[in-house]
Novice: 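Below is the structure I would like to discuss, written out as structure tokens.
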2 protein chains.
Amino acid sequence: MTKRRFDGLAPGEGASPDRYDPVRFERQNVTVDLVIFTVRDRTLKLLLIERGEPPYQGSWALPGGFVRKDESLEDSARRELLEETGVRDIYLEQLYTFGDPGRDPRTRVITVAYFAIIASDRQVLHASADATDARWFSVTGLPRLAFDHERIVDYAIERLRNKLEYTTVGFQLLPEQFTLTELQNVYEIILGKQLDKRNFRKKILSLAIIQETGETKMDGVHRPARLYRFSDAKFMLLKEKGILFPF
Amino acid sequence: MTKRRFDGLAPGEGASPDRYDPVRFERQNVTVDLVIFTVRDRTLKLLLIERGEPPYQGSWALPGGFVRKDESLEDSARRELLEETGVRDIYLEQLYTFGDPGRDPRTRVITVAYFAIIASDRQVLHASADATDARWFSVTGLPRLAFDHERIVDYAIERLRNKLEYTTVGFQLLPEQFTLTELQNVYEIILGKQLDKRNFRKKILSLAIIQETGETKMDGVHRPARLYRFSDAKFMLLKEKGILFPF
DNA sequence: ACAAAAGTGTTGAGAGTACACCCATGC
DNA sequence: GCATGGGTGTACTCTCAACACTTTTGT
């Protein structure tokens, strides 16, 4: 039976930080990786960057980077997000932590994955601010990804789909004002199936989470659509009645 | 605009592991912490250990320990579980990663929290195999906990409650053979409310996930109860119809 | 007047909820 | 025979699911 130990520190660390056993308790490389979603051209897209160096040189990978010494994990993710996209104050959520030895061929790297959502009107992606290329890819047409990033992406998409059903994450993909058809499109795109217009509207309106703005959206040639916005918070859990499970 | 970087490595690390910038990219202390649940005496309990050293000396804390160099996060959690409880092959799931600087007063420690479930007939806790004391506490009567462990526990309980509704995690708390009343008790204990016996049985049986063993459990004095076991896997997601949301 | 998207109600089916009594056993 | 937990069915309500036509606008 091994001796029980829980310090939150390597042995001896509390007293003198340099005396930890470098073999068994070597500190770890910790990164954050981001799966950044948006909707454009009626498809769900996510942001990838092209790797400039080996390994996986020339492959596409999730944006991310090292967790710095004195920032929280979420701060770290928000910093990376800002660096990659120039966007702040958007929905961000921790996804899962991937730490298999061997997921990076060079050395052991533990990565805390986050997923983020950028509203369709805020994709101000400064096309390639430096050497590496950054692009939006449709989730249905992703290239081969570096490391275990495919697994991370799969997990993120699954989580997004699930959360659509009992939260208002879906709304994060839309501008502040939106039409019910636009909202329905977001749901259809992410769930990958058609929804009934009447049932969808009935359900959303029954939840009393949006309100009319009084304005309409003239797309030019057709009947103008009413614009709505959220009643309360930007993100909420829908207790009690789920949201769109049945669809 | 900061230069974009995603190596999965500290700068220079690939070529020569010692040249990374120790200030911005210092490697991190990474631990796993475990919230280990069981049900006994008609209450939901979890395992805590008493800390022998500062900080929080004498306080209770979640079992856990350092992630070793060449083990995966889950392996790390399973190893700790085995060391603390002597139990293997039980349900274990990654919960969330907590990494606020300052959550450990000594130095920065990132912890990947897991939650585990031990069936009520397997609590072979070798009472204190070493100096530190380990005990089961009812979740309604927890002592003050070390570090941010209260937050971790709260999160674990919330997750357990949620998962009860759309998975068969609840079944993990029971022995291989169990009565419907025992199953219902598990649900009532975790959800913290009474359930209707007829409705509960109707629902569970309609899911066709358990089968009669043909045996009965004689508790001595009353009518013997039929024993059941799972039909298929030990753990499953209940797609389509949720499971017990309505209760 | 016509093309195209916006907007609107009803009905049937199925699941959830509430509710009360008889059964089998040990003492 | 009695105390105790095991075991069973029905009726009401409400949400989900399917389904088609009218309205408003620009051209």
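Atom set for the values below is all heavy atoms of this structure, side chains included, hydrogens, waters and symmetry mates excluded. If you're wondering where the values come from, they're calculated on a predicted model, not measured in any experiment.
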Novice: Counting only side-chain N and O atoms of B:Lys203, is one of them less than 4.0 Å from OP1 or OP2 of C:dG16?
Specialist: yes
Novice: May I ask you to evaluate whether A:Arg201 reaches the phosphate of C:dG7, defined as a side-chain N or O under 4.0 Å from OP1 or OP2?
Specialist: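 Affirmative; the distance criterion is met.
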Novice: Using side chain to side chain contact (heavy atoms under 4.5 Å, CB included) as the criterion, list what pairs up with B:Glu212, not counting sequence neighbours.
Specialist: B:Arg226, B:Tyr228
Novice: With B:Gln177, which residues qualify under side chain to side chain contact (heavy atoms under 4.5 Å, CB included), at least two apart?
Specialist: B:Thr213, B:Glu215, B:Leu227, B:Arg229
Novice: Rounding to a whole Å, what distance do you find between B:Lys217:NZ and C:dG26:C1'?
Specialist: 17 Å
Novice: Could you tell me how far apart A:Asp196 (CG) and D:dT15 (P) are, to the nearest whole angstrom?
Specialist: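 So the CG-P distance, A:Asp196 to D:dT15, works out to 18 Å.
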Novice: Can you check the A:Arg198 CZ to C:dT10 P distance for me, whole Å?
Specialist: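 To the nearest whole Å, that distance equals 12 Å.
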Novice: In whole angstrom, what separates B:Gln184's CD from D:dT8's P?
Specialist: 13 Å
Novice: Please report, rounded to the nearest Å, how far the P atom of C:dA18 is from the CG atom of B:Leu195.
Specialist: 11 Å
Novice: Atom CD1 of A:Ile204 to atom P of C:dT8: distance rounded to whole Å?
Specialist: 15 Å
Novice: Going by side chain to side chain donor-acceptor pair (under 3.5 Å), B:Thr181 matches just one of B:Lys217, B:Lys197, B:Arg201. Which one?
Specialist: B:Arg201
Novice: With respect to the side chain of B:Ala225, which nucleotide from D:dG7, C:dG7, D:dC19 is positioned closest?
Specialist: D:dG7
Novice: Are B:Thr181 and D:dG5 close enough that a side-chain N or O sits under 4.0 Å from OP1 or OP2?
Specialist: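 No.
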Novice: Nearest nucleotide by nearest heavy atom, which residue falls closer to the 5' end of DNA chain C, A:Leu205 or A:Asp219?
Specialist: A:Asp219
Novice: Within the 4.5 Å heavy-atom criterion, are B:Val35 and B:Tyr155 side-chain neighbours or not?
Specialist: no
Novice: So, for A:Gln211 and A:Phe230, which heavy atoms are closest and what is the spacing to 0.1 Å?
Specialist: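 Closest approach of A:Gln211 to A:Phe230: OE1-O, 4.1 Å.
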Novice: Using whole Å, what does the distance between atom P of nucleotide D:dT13 and atom CG of B:Asn199 come to?
Specialist: 16 Å
Novice: Looking at A:Arg161 and A:Ile190, would you say the former's side chain and the latter's main chain have a donor-acceptor pair under 3.5 Å?
Specialist: yes
Novice: Do you know which two heavy atoms are closest between B:Gln94 and B:Leu73, and how far apart they sit?
Specialist: OE1-CD1, 4.4 Å
Novice: Nearest to the B:Arg226 side chain among C:dT8, D:dC19, D:dG7, which nucleotide is it?
Specialist: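 Out of C:dT8, D:dC19, D:dG7, the nucleotide with an atom closest to B:Arg226's side chain is D:dG7.
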Novice: Can you tabulate the close N/O pairs, meaning under 3.5 Å, that link protein atoms to atoms of nucleotides 23-27 of chain D?
Specialist:
{"unit_1": "D:dT23", "atom_1": "O2", "unit_2": "A:Arg223", "atom_2": "NH1", "d": "2.8"}
{"unit_1": "D:dT25", "atom_1": "O2", "unit_2": "A:Val221", "atom_2": "O", "d": "3.3"}
{"unit_1": "D:dG26", "atom_1": "O4'", "unit_2": "A:Val221", "atom_2": "O", "d": "3.1"}

Novice: What's the CZ-P distance between B:Phe200 and C:dA18, to the nearest Å?
Specialist: 16 Å
Novice: B:Lys197 or B:Lys202: which one's nearest nucleotide on DNA chain C is closer to the 5' end?
Specialist: B:Lys202
